[in-house]
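Here's the structure we're looking at; comments come further down.
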Amino acid sequence: MATNDLWAGIGSALAFLITLTTMAMNQSRIKLLINKISAYLNPYIQITIPEYGAESFKRSDFFVAIEAYLSDLCHQDGRVRKLKAELESDMQKPQVSVDDDQEIVDTFKGATLWWYADTELPKTTVITYRAGDEKRRFYRVAFHKRFHKHIVNDYLPYIIKNGRDVIAKNRQHRLFTNNASSQWSSYDREKSLWSHVEFRHPAKFDMLAMDPAKKEEIKDDLNAFKMGKDYYAKVGKAWKRGYLLFGPPGTGKSMMIAAMANFMNYDIYDMELTVVKNNTELRKLFIETKGKSIIVVEDIDCSVDLTGKRRDKKKAPKKSGDQSDMLQEEDEKMDDEDSKLTLSGVLNFIDGLWSACGEERIIIFTTNYKDKLDQALIRPGRMDMHIEMSYCRYEAFKVLAHNYLNISDIRDSQFFQLFSEIQGLLDQVDMSPADVAEHLIQTEKKDAGACLQALIRDLEILKAKNNSAADCHPQDPTSIVVPDLNPTVMPDLDPTVINIFEVARDSTLES
Ligand SMILES: Nc1ncnc2c1ncn2[C@@H]1O[C@H](COP(=O)(O)OP(=O)(O)OP(=O)(O)O)[C@@H](O)[C@H]1O
Ligand SMILES: [Mg+2]
C-alpha cells in the first residue's frame, strides 16, 4: 500500500511537472504568436535608446544628444507641460528636458515621431552609488513602419548632429593650455595634458575694429567651414581650417581669436610651444584635443625656431680620431633625442595624417612678422586664410567710437568736425586700435569730446614725430625742415617733440 502510495505520489508530481513545462512552452509560443499578430496589425515601430550601454558607466552619447535635441524642441513646442531642469557643471544655463511619461511629437520629412522618456529597472542586479540610481532611463521613439529606413538612415543621424550642436551652444566654453610633460600622468591622461578654465571673453565680431568687408569675408568663411562637413568628405580633406593672423602688436589678433571662438561656439586650445619638448609630445597633445575647437599658437615666430629649413638628415663629415668620433656621435645622439620641435613636426600636426584625427578643428597662428615664417608653414592648405590686422584707419575708428563712446551717426552730431580731423590724421599716422581704444575710455572727468580731442592731440604729436624723423633722414642732412613752434599754432605739442625740433634747428643753424 505504502509502495503504491509512493508511486502514486511520484506519478502525480511528474504529471504536474509535465503540465507546468507544457504550459510554459505554450506560454512562450503564445507570446510569440501574440507578438506576430500585433506586429501584423500594429504598423508602428519603436526604438529604445538607453541612457547607459550594457556594460558602460558612461552615459551614452546618443542618449545625451537626444536629450539635448528634445530639450530644444520643448522650447518650440509649448504642448509639453511637464518638463524638468538640470544644471550640469559645464553648462551656461539649465538644461530643460521632457519629464518621464511625457510625450513629445516631432516631424521629419513627412514622418511623425512620438518620443517619450521613461525609466525601468535593470534586468540584472547593479551596484549603484546613490539611492534611486538603480533605475535606468531611456528614450523611446515610435513611428510608422513605412518610414523605417528613412528614420534610421536620416532622422537619427540628424538628431545626433542637432543635439550635439545644442550641447555645444549651451556649454560653457573652455580655454585650455598645455602642461609641461613633467606634469603628465598616465592615471588621468586627458586632464593632465591640458588644464582648462572657463572661457568668458566678451569679444564679438561687431566689436572688432577692422575693415567691415574683411570682417564679413571672415564670418562667411567660418560659416562655410561649419557647414562644410559633407564638402570636406567629398573632396577627401580633413575637416579643418587654418588661419594666419598677422600684424603689429595691439591690432586685435588675440581679440579676433576670442571673437571667432564665440562666433563658432568652440573651445580654445592655447598651445604653448615653448614647453613642448619634441614632435612626439606635440602629437600627443594634438590627439587629446577635441573637435569643435580652435587650436592657437600665438607668436609662432617667437615660440620655436621654425624659420630654418626642415631638419637636414645628412650628417656633417666626421672629424678624424676615435675620441672625436665618439664625441660627435654623442652630440648627434643628444641632439636627436632632444631634437626639440622641428618645422616638419609642426607641419605634420597641421596637415599630416595625424591632423585628420578628430574633426571640425580650426588652427590659428599669430605673428607680428609674417615675413619671418617659413613659406611651407603658411602655404594655402596649411594656413588657408591670411588675415592682416592693421593699424587703425577711419572705418575701424568708427567701430571703436561706437563701442566706447556710443557715437554711431556723426553726420548731424556735434562731433562731426572732430571725426573729420581724426579721419585725416588716421590716413597719415599709424596708431594701433589698442592705442586708439585706450584714448576712448571715458571717465568722470573726461567726456566723449575730451576723449576725441586727446586722441587728435596725440595723433598730431605722432605725425610731427614721423615728419621730423623723415626730415632728419641721415641720407639727406641738409633737408631738415623745422616746423613753426609757435605755441598758439600747436598748443598741445608734447615737450619731447619740441625738444627734438629744437635740437634739429640748432644743428641746422650750426651747419
Ligand atoms: N581691431 C581691434 N578692434 C577692437 N579692439 C581692439 C582691436 N585691436 C586691439 N583692440 C583692443 O586692444 C586690446 C589688445 O589687443 P590684442 O591683444 O587683441 O592685440 P594683438 O594684436 O593680439 O597684440 P599682440 O601682437 O601684442 O599680441 C584688445 O583687448 C582690445 O581691447
Ligand atoms: Mg595677441
Side-chain angles (χ1 to χ4, degrees), residues 173 175-178 197 199-219 221-222 242-264 266 268-274 294-304 306 362-373 378 383 385-408 419 422-423 425-427 429-443 446 448 451-452 454-455 458-459 462:
H173 298 119
L175 171 63
F176 292 85
T177 184
N178 52 314
V197 290
F199 177 66
R200 293 184 186 275
H201 202 297
K204 298 246 163 29
F205 268 100
D206 293 349
M207 300 167 184
L208 265 172
M210 63 184 293
D211 177 20
K214 187 83 192 157
K215 213 188 306 190
E216 281 311 305
E217 195 188 327
I218 298 167
K219 279 162 73 177
D221 196 81
L222 288 169
Y243 295 91
L244 174 73
L245 303 183
F246 65 99
T251 48
K253 296 179 292 299
S254 302
M255 189 175 169
M256 164 73 86
I257 295 169
M260 282 179 162
N262 287 332
F263 182 74
M264 301 291 276
Y266 283 4
I268 297 182
Y269 287 87
D270 187 8
M271 178 91 84
E272 183 52 72
L273 283 188
T274 45
I294 300 182
I295 300 170
V296 179
V297 183
E298 288 247 43
D299 298 317
I300 179 98
D301 51 301
C302 312
S303 303
V304 262
L306 300 172
I362 287 177
I363 298 169
I364 301 183
F365 289 165
T366 75
T367 179
N368 293 140
Y369 308 99
K370 186 183 169 190
D371 300 341
K372 277 193 183 177
L373 301 178
I378 58 173
M383 292 294 112
M385 196 173 187
H386 294 192
I387 303 169
E388 179 169 15
M389 303 299 290
S390 57
Y391 289 114
C392 189
R393 303 292 169 222
Y394 187 57
E395 283 306 316
F397 164 73
K398 283 200 290 191
V399 177
L400 291 175
H402 174 73
N403 292 347
Y404 284 79
L405 305 176
N406 213 8
I407 305 173
S408 309
F419 267 57
I422 290 171
Q423 180 172 16
L425 284 163
L426 286 177
D427 280 345
V429 179
D430 290 341
M431 189 184 261
S432 72
D435 266 357
V436 173
E438 205 58 39
H439 283 85
L440 302 185
I441 296 173
Q442 295 188 70
T443 58
K446 207 169 140 206
C451 289
L452 294 173
L455 175 64
D458 285 352
L459 284 169
L462 260 180

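The residues of the chain are indexed from 1 along the displayed sequence. Atoms within each ligand, like the ligands themselves, are counted from 1 in listed order. Keep in mind that the numbers below use all heavy atoms, side chains included, and drop hydrogens, waters and symmetry copies.
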Within less than 4.0 angstrom of ligand 1, does [X] place any heavy atom?
X: F246; value: no
X: M207; value: yes
X: G250; value: yes
X: L400; value: yes

| Shortest heavy-atom approach to atom 19 (O) of ligand 1 - which of G247, G252, P248 |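 Residue with the shortest heavy-atom distance to the ligand atom: G252.
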| request: Identify which of M256, M389, E438, M255 has a heavy atom lying nearest to atom 6 (C) of ligand 1. | output: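 Shortest heavy-atom distance from atom 6 (C) of ligand 1: M255.
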| L452 CG to I422 CD1 distance, which is reported to the nearest 0.5 Å |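 The CD1 atom of I422 is 4.5 Å from CG of L452, to the nearest 0.5 Å.
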| Reported CG-to-CD distance for the pair L222 and E217, which is rounded to 0.5 angstrom |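 CD of E217 is found 11.0 Å from CG of L222.
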| request: Indicate yes or no: at least one non-hydrogen side-chain atom of M260 is less than 4.5 angstrom from one of Y243. | output: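 With C-beta onward as the side chain, the pair touches.
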| Any chance the side chains of T177 and E272 put a donor and an acceptor closer than 3.5 Å? |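 No, no side-chain donor-acceptor contact under 3.5 Å.
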| Reference residue L400; test side-chain contact (heavy atoms from CB on, under 4.5 Å); the match among V436, I407, L208 |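 Only one option passes, and that is V436.
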| request: Could you label the plane-to-plane angle of the F176 and Y269 rings as parallel, tilted or perpendicular, counting under 30° as parallel and over 60° as perpendicular? | output: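 F176 and Y269: parallel rings.
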| Any idea which atoms of ligand 1 are less than 4.0 Å away from a heavy-atom of K253? |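 Numbered from 1, ligand 1 contributes 18 (O), 19 (O), 20 (P), 21 (O), 22 (O), 23 (O), 24 (P), 25 (O).
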